[in-house]
Amino acid sequence: MNGQPKGPFYVVLFLVIAGLVGFALYRADIFAPKAQRPGGAIDPRQLGQNAESADDAAPITTVKEYAFRPAERLPEIKETSAYKPLTDGTVRFALNVWAGWAPIVLANEGFKAEKEWTSPTGKKFKVELVLIDDPAAMLAAYQAGEVHIGWGTLDMVPLFVDTMVDRQGRPKDPRVMPRIFQQVDWSNGGDGIVVRESIRTVADLRGKKLVLAQNSPSQYFALNMLVAGGVQPSEVEMIYTNTAFEAAAAFNADKSIAGAVSWAPDIYNLAKVKGNRMLVTTQTANKLIADVWFARADFAQDNPDICEALVRGIFDAMEDLKKPDRKERAAQLMAAGYSIPADEAMAMFGDMHNTNWAENYQFFLNQNNPTNFERIWRQSYYLYRQIGTIQNAPVSFDKVMDFSLIQKLGKEEKFASQRDEYQVTLAPKTVGEIRAESPEILTNTVVIHFYPNDWDVYKKVVREIDGKKVETPYDPNAKSVLQGVAELVGKFGAARVIIEGHTDASMRGQVPEALVKELSLNRAQAVREALVREYKLDPSRLMVDGMGWDRPADPKNPFNHAKNRRVEVKVYPAEVE
């Protein structure tokens with residue numbers, strides 16, 4: 001038994017363990033006397049600061065509970081109906097909880113059908129604003145004829161339309177096809193993508209988890225950012241929740257999720273949490289998500305005067321909202337209709353920009369506008385078909401867009417005198433200052449085949465075709481490539497953009513490096529000039545830089561000359577988040 005502990009050792013060991021256990025129980029207050037109030041209740045005054053949570057313990061996200069859901073299309077509505085008659089002359093106008101609807105709320109003096117409207121033909125009618133936040137529920141009510149007017153972001157409408165057509169894109173019931181008369185706003189900070197600190201650009205989401213609400217503006221926002229950043233949607237593991245608020249809650253609870261697409265105020269609260277950062281919001285990508293209202297085709301056909309009165313009333317209310325007292329009144333009416341505090345309703349105004357007649361004209365009728373109705377419509381179809389959410393043949397944008405009222409109002413001085421008020425002016429900065437301020441949000445690689453030692457985007461050469469010499473573009477795809485760049489830059493209306501020119505290294509050691517850098521700078525400058533000339537983009541937001549052969553597209557394959565002759569478009573936030 002030599003080397004074995006003696007009896008006294010075990011006594012001492014027992015006393016030590018008993019002391020530690022007793023100290024732990026003491027620290028846990030298990031046997032401490034409870035501070036009592038009459039009736040046996042605990043008196044918080046005797047418990048000090050532990051009785052209430054500190055201010056900084058306030059909830060980070062709007063909701064705490066969340067549930068993941070499988071990927072799916074919007075449910076097909078099998079039963080449709082003629083619209084319900086206007087009881088007491090009342091039009092039922094569906095909307096969701098969103099500040100962009102402030103003009104119709106103000107014009108109607110609230111949600112109830114109490115104000116009497118008068119159409120241009122003298123027809124009297126009323127409007128009931130029907131709150132239906134769930135887009136699927138709104139769509140069902142719209143197709144059943146229970147509401148005459150539906151709400152949506154333009155990118156969502158193709159999803160709605162897909163439930164209304166057959167495989168060939170033909171309407172199953174023409175009565176319910178939407179007629180879009182007016183854009184009410186652009187999202188201006190209300191939507192965003194918050195990520196972990198390790199995610200510096202959109203490309204860093206490749207191979208990571210991204211949580212969002214399916215069939216919503218959040219999904220359109222995410223798909224646009226991914227594709228613009230050179231990431232295929234299939235390269236990101238998308239996790240779906242029922243709502244954008246649930247997506248924020250899931251991101252907050254599950255650290256394995258790299259990013260969340262959600263709404264204010266959750267995105268801003270999450271971005272303040274240590275280890276998170278804001279990647280991008282619609283304050284930077286401020287011409288991406290457009291809110292519109294649409295009438296059923298049968299209702300629009302029967303009631304063109306009511307549709308015109310609504311368009312006029314909403315535009316007039318947009319001007320009225322510029323007055324502080326009227327804006328405060330609108331916030332009070334929204335608060336009552338949305339069941340939220342008035343100060344929260346007032347704060348919502350910062351998340352959107354209402355679009356006046358002049359901005360609607362640009363949206364509906366300016367074919368060169370890189371962020372017009374047609375381009376958003378086509379981009380939505382492209383993205384949703386890419387992931388299989390839309391499976392039927394596309395419906396042409398001009399089958400749902402009705403610009404007749406915008407065109408008609410343009411003949412009146414009150415509207416024709418309006419100007420586009422959604423222009424962002426940025427302080428001049430150098431390329432170096434922009435790069436030093438923050439990392440780029442995304443990089444979009446553009447391949448324009450320039451003629452050797454030339455920088456003419458539309459360079460023409462003589463080729464022999466069928467025995468004849470014909471002058472043709474050196475790069476026949478240059479125009480469509482530039483259009484894609486214009487659309488990208490247009491979406492980021494409040495961002496700084498650097499256009500980088502790159503060359504291959506085929507002449508390394510044979511020509512001066514400065515000459516190659518000058519060539520790459522000239523090519524970047526040529527792209528910039530074409531964008532300004534053809535798409536009227538603000539030149540102050542477009543900076544250029546010539547990189548020469550310093551940064552091959554693929555460092556592992558630097559001699560892939562065709563790949564290295566390129567232009568890169570880098571998007572930077574206007575301010576550090």
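Residue numbers count from 1 along this sequence. Just so you know, these numbers come straight off a predicted model, no measurement behind them. Atoms considered below: every heavy atom in the structure, side chains included; atoms not considered: hydrogens, waters and symmetry mates.
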Quick one: are the ring centres of Y142 and F294 less than 6.0 Å apart?
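Ring centres of F294 and Y142 closer than 6.0 Å.
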Does the ring centre of F221 sit less than 6.0 Å away from the ring centre of W263?
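Distance test on ring centres: not under 6.0 Å, no.
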Could you give the distance from CG (N356) to NZ (K322), rounded to the nearest 0.5 Å?
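With rounding to 0.5 Å, CG (N356) is 6.5 Å from NZ (K322).
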Approximate separation, where rounding is to 0.5 Å, of F403 CZ and F373 CZ:
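These two atoms lie 11.0 Å from each other.
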Flag for [Y]-[X]: side-chain donor and acceptor within less than 3.5 Å:
X	Y	result
D402	S404	yes
N188	N286	no
D420	Q423	yes
D266	S262	no
K491	N224	yes
H353	E359	yes
Y83	D302	yes

Residue list, side-chain hydrogen bond (donor to acceptor under 3.5 Å, both in side chains) with N369, at least two apart or on another chain:
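Applying side-chain hydrogen bond (donor to acceptor under 3.5 Å, both in side chains) to N369 gives T371.
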Non-neighbouring partners of K479 that pass side-chain hydrogen bond (donor to acceptor under 3.5 Å, both in side chains), sequence neighbours left out
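For K479 there are no side-chain hydrogen bond (donor to acceptor under 3.5 Å, both in side chains) partners, ignoring immediate neighbours.
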Parallel under 30°, tilted from 30 to 60°, perpendicular over 60°: which one fits the rings of F93 and W101?
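Judged by the thresholds at 30° and 60°, the geometry between F93 and W101 is perpendicular.
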Measure the acute angle between the ring planes of Y361 and W357, then classify it against the limits of 30° and 60° as parallel, tilted or perpendicular.
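Ring orientation of Y361 relative to W357: tilted.
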side-chain contact (heavy atoms from CB on, under 4.5 Å) involving [X] - partner list, sequence neighbours excluded:
X	result
A260	V194, V211, F251
D305	S119, T121, K123, N303
A345	A331, M334, A335, I340
P233	L223, V227, M238, Q386, I387

Please confirm whether the backbone N or O of [Y] pairs with a side-chain atom of [X], one donor and one acceptor, at under 3.5 Å?
X	Y	value
R326	E319	no
T282	A285	no
K287	N372	no
D351	S187	no

K112 atom NZ, over 12 foreign heavy atoms within 6.0 Å:
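Result for NZ/K112: open.
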Residues which pass ring pair (Phe, Tyr, Trp, His ring centres under 6.0 Å) with [X], listed by chain and number, not counting sequence neighbours:
X	value
F125	W117
F492	none
F68	Y66
Y572	none

For residues 128-140, which residue pairs pass the side chain to side chain donor-acceptor pair (under 3.5 Å) check, not counting sequence neighbours?
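For residues 128-140: R92-E128.
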Residue pairs involving residues 145-154 (criterion side chain to side chain donor-acceptor pair (under 3.5 Å); sequence neighbours excluded)
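Matches after skipping sequence neighbours: T153-D155.
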Give the minimum heavy-atom separation between [X] and [Y], together with the two atoms involved.
X	Y	value
Q183	A290	NE2-CB, 3.5 Å
I132	A141	CD1-CB, 4.1 Å
L482	A530	CD1-CB, 3.7 Å
M164	L139	CE-CD1, 3.7 Å
A300	A295	CB-CB, 4.3 Å
N368	R375	C-NH1, 3.8 Å

Consider ring pair (Phe, Tyr, Trp, His ring centres under 6.0 Å). Of W186, F397, W377, which one does F363 pass it with?
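One option only clears the test, and that one is W186.
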Please assess K414 against D316 for the test salt bridge (charged side-chain N to carboxylate O under 4.0 Å, His left out), listing each intermediate value before the final yes or no.
CA-CA 10 Å; K414 179 172 71 171; D316 288 345; 3.2 Å; yes
